[in-house]
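Counting from 1, the numbers follow the sequence of the chain as shown. Computed from a prediction, not measured in an experiment: that's the story for all the values here.
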Amino acid sequence: MNDSPVRTDAVVLDVWCELQCPDCRSALDDLRALRERYGDRLELRLRHFPLEKHRHSFAAAQAAEEALEQGKGWEYVEAVLGRVEELDRGGEPFLVQVAGELGLDAEEFDTALVDGRHILIVDADQAEGKAIGVTGTPTYVVGGERLDGGKSQEGLRERVQEIADRLLAAPE
């Protein structure tokens with residue numbers, strides 16, 4: 001999921017995430033810091049990797065895609081990740097509630113979750129993640145290098161910065 005047009009002069013950071021994952025919530029500070037440091041020179045792309053152990057994660061991934069379609073993708077992701085425990089308890093009604101709180105069309109969210117219009121995107125992300133060796137979340141891919149934040153997030157922001165700095169400094 002990406003809220004802006006694709007830029008050819010930006011470094012792409014794919015963030016394999018699951019919206020019911022406490023580790024992904026912890027990673028938000030790193031993602032905010034990276035966005036602040038690089039601005040539009042770093043293209044953050046949310047990639048969905050719902051885990052079976054979290055029963056609302058597949059619906060949450062679909063809801064994030066609906067939020068993107070309605071123009072508030074990352075804002076929605078941050079709002080849901082910030083309230084993982086409420087998602088655990090509330091499930092799909094909670095996802096619709098958050099949409100309403102953000103001024104999104106909550107009825108359309110509800111319809112999107114029922115009709116499954118975003119399932120193919122979520123399935124494709126999950127399949128690609130499995131193909132490149134993603135096993136948990138968050139996992140980052142930048143400059144062709146996979147960094148597993150599901151085991152430990154220690155030093156990951158610095159590692160992403162090293163790779164991004166190198167790529168941004170490279171001559172065209």
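A salt bridge links R83 to E101: one of the charged nitrogens lies within less than 4.0 Å of a carboxylate oxygen. Residues E145 and R159 are paired through a salt bridge, judged by an N-O separation under 4.0 Å between the basic side chain and the carboxylate. Using a 4.0 Å cut-off between a side-chain N of Lys or Arg and a carboxylate O of Asp or Glu, E18 and R25 do not qualify as a salt bridge.
Distance check, rounded to the nearest 0.5 Å: CZ of R47 to OH of Y140 gives 15.0 Å.
The nearest pair of heavy atoms linking H56 to Q20 is N-OE1, 2.9 Å. Closest approach of L102 and K72 over heavy atoms only: O-NZ, 2.6 Å. For the residue pair L113 and A59, the shortest heavy atom distance occurs at CD2-O, 3.4 Å. In this structure, V77 and A64 approach most closely via the heavy-atom pair CG2-CB, 4.0 Å. For the residue pair G133 and R146, the shortest heavy atom distance occurs at O-NH1, 3.5 Å.
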As a quick check of understanding, evaluate side chain to side chain contact (heavy atoms under 4.5 Å, CB included) for L147 and T139, giving each step before the final call. CA-CA 6 Å; L147 307 168; T139 295; over 6 Å; no
Please test E108 against R117 for salt bridge (charged side-chain N to carboxylate O under 4.0 Å, His left out), starting from the C-alpha separation and ending with a verdict. CA-CA 11 Å; E108 195 60 32; R117 68 183 74 158; 2.5 Å; yes
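Side-chain contact between R32 and E78 is present, with at least one heavy-atom pair separated by less than 4.5 Å. By the 4.5 Å heavy-atom criterion applied to side chains, I119 and F58 are counted as neighbours. Contact check for L19 versus S57: no side-chain heavy atoms found under the 4.5 Å cut-off. Taking the side chain as every heavy atom from C-beta outward, L34 and Q161 approach each other to under 4.5 Å. Looking only at side-chain heavy atoms (C-beta outward), E107 and D110 stay at 4.5 Å or farther from each other. In this structure, the side chains of V11 and V142 come closer than 4.5 Å at one or more pairs of heavy atoms. Within the 4.5 Å cutoff, no side-chain heavy atoms of L13 are placed close to those of E43. Side-chain contact check for P138 versus C17: every heavy-atom pair is 4.5 Å or farther apart.
No donor-acceptor contact under 3.5 angstrom links the side chains of Q70 and D105, judged on distance only. Looking only at atom types and distance, the side chain of Q126 has no donor-acceptor partner in the side chain of H48 under 3.5 Å away. A donor atom on one side chain and an acceptor atom on the other are not found under 3.5 Å apart for E66 and Q62. Between the side chains of Y38 and D165, at least one donor-acceptor pair of N or O atoms lies under 3.5 Å.
A cation-pi arrangement is found for R35 relative to W74, the charged atom lying closer than 6.0 Å to the ring centre and inside a 45° cone about the ring normal.
Of the listed residues (T137, D123, D125, V122), just one forms a side-chain contact (heavy atoms from CB on, under 4.5 Å) with P50, and that residue is V122.
Hydrophobic clustering, with ILVMFWY side chains joined whenever heavy atoms are under 4.5 angstrom apart, keeps F49 apart from L87.
Taking the six-membered ring where the residue is Trp, F109 and Y76 present tilted rings, their angle falling between 30° and 60°.
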